[in-house]
*Asks:* 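Supplied in structure tokens, the structure appears directly below.
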Amino acid sequence: MARSGARLAVDRSVPGLIVKIGAYPLHHGGVGAIRSLGRLGVPMYAVTEDRFTPAAASRYLRGRFVWPTTGREEPDRLVTGLLRIGRRIGRPALLIPTDDEAAVLIAEHADALAGSFLFPRVAPGLPRQLASKQGLHELCVAHGVPSPAAVFPGSYAEIAAYAGRARFPVVAKNREAFVRRKRPAVSGTTRIGGPDQLLDLARDWGPRPGVILQEYLPREQAEDWIVHACFGADRAPLALFTGVKVRSWPPHAGMTACAYVVDNPELANLSAEFVHRIGFTGIADLDFRFDRRDGRYKLLDFNPRMGAQFRLFENAAGVDVVRAQHLDLTGRAVPGGAQRAGRRFVVENVDLPARLAYRRSGCRAPHAPARASGTELAWFAGDDPLPFFTMLARSVGPGARHLRQLRRAGRRAGRRAGTEAPLRQGEGPK
């Protein structure tokens, strides 16, 4: 069966490199990017925690670079490691970051990386500001984009004062990229039910808490929407897609488990206007929550890089955001076309528990179509099955224990040696 985008005029002389900082080997977004460009004949490379990650198992991967990082390394050492990888690839490659830390690193060290890699040029401090919950909130206020009410406490005393006046529940999130890896205050988005719980948690946050305390938008009165887009050097969208999140894991606060492509011109225009005002270029993944109480879309997150569920979205020409960026940065035209409304994206390993949780809660997404026009699975693909089976092996039994051991080993290696941890280039498919 012909794959989508098979006729896109990509430059196969320009490889792609998946860049990640931190230990999260079960990342379907990286696998999706490897497949998306690899199916078009683009040579694909990836930074991996070890030789046995799903990304490393893809038939479309030309080479892997084993490099366990933690996000606690000095930026100069991370840049040195990337440049070493660039020399091993031997020709300029498109950088595809899969986390905020990698996106921030690339933007802030663009001059050092420019000779070895291709990536969109953006104001050096903008990705860090967008990845920061406080920075994003300030940009929203400055440009009139709705966002949940938030406070950014600087001490335990400020948290105590807030606890006395806040309307609970509230949501706590880590405030900054990189800081969440070095000194995380919470393990992820955390719903806090009352002042006693808040004060108890805050005792472990240190003298300068790296958290944002945010208004809770009740799920019974809200809808979760996502926008994925790629913006050119003139800030105009090369590709822009909208969809609705049906389930997430953990429920209502975590990664996308199931989502649908749903046309939403209002949200598309809001996103494009905001991006144009702030001057962002490149791939972006935005999370909005529609608050039925006041009829406004409120921006929760702006990830200045591809999102893990980006393969949900394609236009009629077979263009997704990763393909759009490769075409644009290699001087090719990016074919336009309507998004493929009704498509569904399912993350197999987390959607089953999410289904059970959502069934118990009785929550549903009113804008999701009754029947999908097609389904994109995060892990399984008939032409590239090994990442799926590698994910299964690492998710259960000895594989899960091995994963925990690798994470601990990666953290120790990063603390000891930063980018001096071994870089090994693996062989691709024969």
Side-chain angles (χ1 to χ4, degrees), residues 1-8 27-40 60 98 223-230 237-249 254-269 271-272 283-288 290 297 303 306-327 334-352 354-355 358 364-385 387-388:
M1 183 176 67
R3 280 283 170 185
S4 62
R7 296 183 180 179
L8 292 174
H27 188 259
H28 51 274
V31 173
I34 291 166
R35 288 170 173 166
S36 181
L37 290 177
R39 285 168 177 153
L40 303 182
Y60 293 107
T98 61
E223 302 163 16
D224 289 325
W225 288 81
I226 50 181
V227 174
H228 285 223
C230 180
L238 301 166
L240 193 154
F241 307 98
T242 60
V244 65
K245 186 186 296 188
V246 176
R247 291 181 291 276
S248 59
W249 187 257
M255 64 181 288
T256 298
C258 179
Y260 286 82
V261 180
V262 177
D263 294 333
N264 190 329
E266 178 186 356
L267 186 58
N269 290 335
S271 303
I283 296 175
D285 166 23
L286 289 74
D287 290 325
F288 287 87
F290 180 71
Y297 291 95
N303 301 306
M306 72 166 207
Q309 71 274 26
F310 84 95
R311 278 298 304 155
L312 167 65
F313 299 109
E314 275 189 1
N315 69 16
V319 173
D320 60 33
V321 293
V322 171
R323 290 172 174 175
Q325 184 153 99
H326 191 281
L327 288 165
V334 180
Q339 66 177 12
R340 293 178 168 171
R343 271 169 54 93
R344 177 176 62 175
F345 185 79
V346 175
V347 184
E348 304 95 308
N349 58 320
V350 297
D351 192 46
L352 178 59
R355 278 177 179 269
Y358 278 69
R364 59 180 296 273
H367 292 281
R371 179 175 297 178
S373 61
T375 298
E376 177 92 9
L377 297 176
W379 292 110
F380 185 78
D383 64 330
D384 188 31
F388 172 77

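What you see is a predicted model; the values in this text were computed from it and never measured. The figures that follow rest on heavy atoms only: side chains count, while hydrogens, waters and symmetry mates do not.
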*Asks:* Can you sort out the partners of Trp249 under ring pair (Phe, Tyr, Trp, His ring centres under 6.0 Å), two or more places apart, ordered by chain and number?
*Replies:*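 By the ring pair (Phe, Tyr, Trp, His ring centres under 6.0 Å) rule, Trp249 matches no residue at all.
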*Asks:* Does some side-chain heavy atom of Tyr60 sit less than 4.5 Å from a side-chain heavy atom of Asp383?
*Replies:*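 Touching, per the 4.5 Å side-chain cut-off.
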*Asks:* Rounded to the nearest 0.5 Å, how far does SG of Cys230 lie from CG of Leu238?
*Replies:* 5.0 Å
*Asks:* Between Leu8 and Pro335, which heavy-atom pair has the shortest distance, and what is it?
*Replies:* CD2-CG, 3.7 Å
*Asks:* May I ask you to say whether Arg344 pairs ionically with Glu376, meaning some side-chain N is under 4.0 Å from a carboxylate O?
*Replies:*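 Result for this pair is no, no salt bridge flagged.
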*Asks:* Out of Thr256, Ile226, Val227, which one pairs with Asp287 under the side chain to side chain contact (heavy atoms under 4.5 Å, CB included) rule?
*Replies:*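 Result: among Thr256, Ile226, Val227, Ile226 is the only option passing the side chain to side chain contact (heavy atoms under 4.5 Å, CB included) with Asp287.
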*Asks:* Give the minimum heavy-atom separation between Glu348 and Ala378, together with the two atoms involved.
*Replies:* OE1-N, 3.4 Å
*Asks:* Quick one: list whatever passes side chain to side chain donor-acceptor pair (under 3.5 Å) with Asn315, sequence neighbours left out.
*Replies:*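 Side chain to side chain donor-acceptor pair (under 3.5 Å) list for Asn315, sorted by chain: empty.
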*Asks:* Which atom names give the shortest non-hydrogen contact between Ala381 and Arg35, and what distance separates them?
*Replies:*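 Closest heavy-atom pair between Ala381 and Arg35: CB-CZ, 3.7 Å.
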*Asks:* Pro369 and Gly342: which non-hydrogen atoms are nearest, and at how many Å?
*Replies:*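 So the two residues come closest at CG-CA, 4.2 Å.
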*Asks:* Closest approach of Met255 and Val347, non-hydrogen atoms and distance?
*Replies:* CE-CG1, 4.2 Å
*Asks:* Below 4.5 Å, heavy atoms only, C-beta onward: do Arg340 and Val261 meet side chain to side chain?
*Replies:*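 Side chain of Arg340 against side chain of Val261, heavy atoms only: no contact under 4.5 Å found.
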*Asks:* Can you sort out the partners of Ser373 under side chain to side chain donor-acceptor pair (under 3.5 Å), two or more places apart, ordered by chain and number?
*Replies:*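 Per chain and number, Ser373 pairs via side chain to side chain donor-acceptor pair (under 3.5 Å) with no residue.
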*Asks:* Classify the angle between the aromatic ring planes of Trp225 and Tyr297 as parallel (below 30°), tilted (30 to 60°) or perpendicular (above 60°).
*Replies:*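 Judged by the thresholds at 30° and 60°, the geometry between Trp225 and Tyr297 is perpendicular.
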*Asks:* Got a salt bridge between Glu314 and Arg323, using NZ or NE/NH1/NH2 to carboxylate O under 4.0 Å?
*Replies:* yes
*Asks:* If we count only N and O atoms by modelled type, under 3.5 Å, do the side chains of Ser248 and Tyr358 hold a donor and an acceptor together?
*Replies:*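 Result is yes, a qualifying pair exists.
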*Asks:* Just so I know, are the side chains of Leu286 and Asn303 near enough to count as touching, which here means a heavy-atom distance under 4.5 Å?
*Replies:*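 The answer is no, as the side chains (C-beta and beyond) never meet within the 4.5 Å cut-off.
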*Asks:* Taking side chain to side chain donor-acceptor pair (under 3.5 Å) as the test, write out the residues that go with Arg247, two or more places apart.
*Replies:* Asp351
*Asks:* Output yes when Asp384 and Arg39 qualify as a salt bridge under the 4.0 Å nitrogen-oxygen rule, no when they do not.
*Replies:* no
*Asks:* Is any side-chain heavy atom of Val262 closer than 4.5 Å to one of Thr242?
*Replies:*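 They are not in contact (no side-chain heavy atoms under 4.5 Å apart), so the answer is no.
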*Asks:* Using the ring pair (Phe, Tyr, Trp, His ring centres under 6.0 Å) criterion, which residues pair with Phe241? Sequence neighbours excluded.
*Replies:* Phe313
*Asks:* Minimum heavy-atom separation for Arg343 and Leu312, please, with both atom names.
*Replies:* NE-O, 3.0 Å
*Asks:* With sequence neighbours excluded, what pairs up with Asp263 under the side chain to side chain donor-acceptor pair (under 3.5 Å) test?
*Replies:*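 Only Gln339 meet the side chain to side chain donor-acceptor pair (under 3.5 Å) criterion with Asp263.
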*Asks:* As an exercise, state the distance from NE2 of His228 to CZ of Phe310, rounded to the nearest 0.5 Å.
*Replies:*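 Those atoms lie 9.5 Å apart.
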*Asks:* Quick one, Phe380 and Pro385 - any side-chain contact, counting heavy atoms below 4.5 Å?
*Replies:* yes
*Asks:* When rounded to the nearest 0.5 angstrom, what distance separates CD1 in Ile283 from CE in Met306?
*Replies:*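 It is 7.5 Å, given to the nearest 0.5 Å.
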*Asks:* To the closest 0.5 Å, what do you measure between CG (Leu240) and CG (Asn269)?
*Replies:*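 Atom-to-atom, Leu240:CG and Asn269:CG are 8.5 Å apart.
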*Asks:* Rounded at 0.5 Å granularity, tell me how far NE2 in His326 sits from OG in Ser36.
*Replies:*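 Going from the NE2 atom of His326 to the OG atom of Ser36 covers 10.5 Å.
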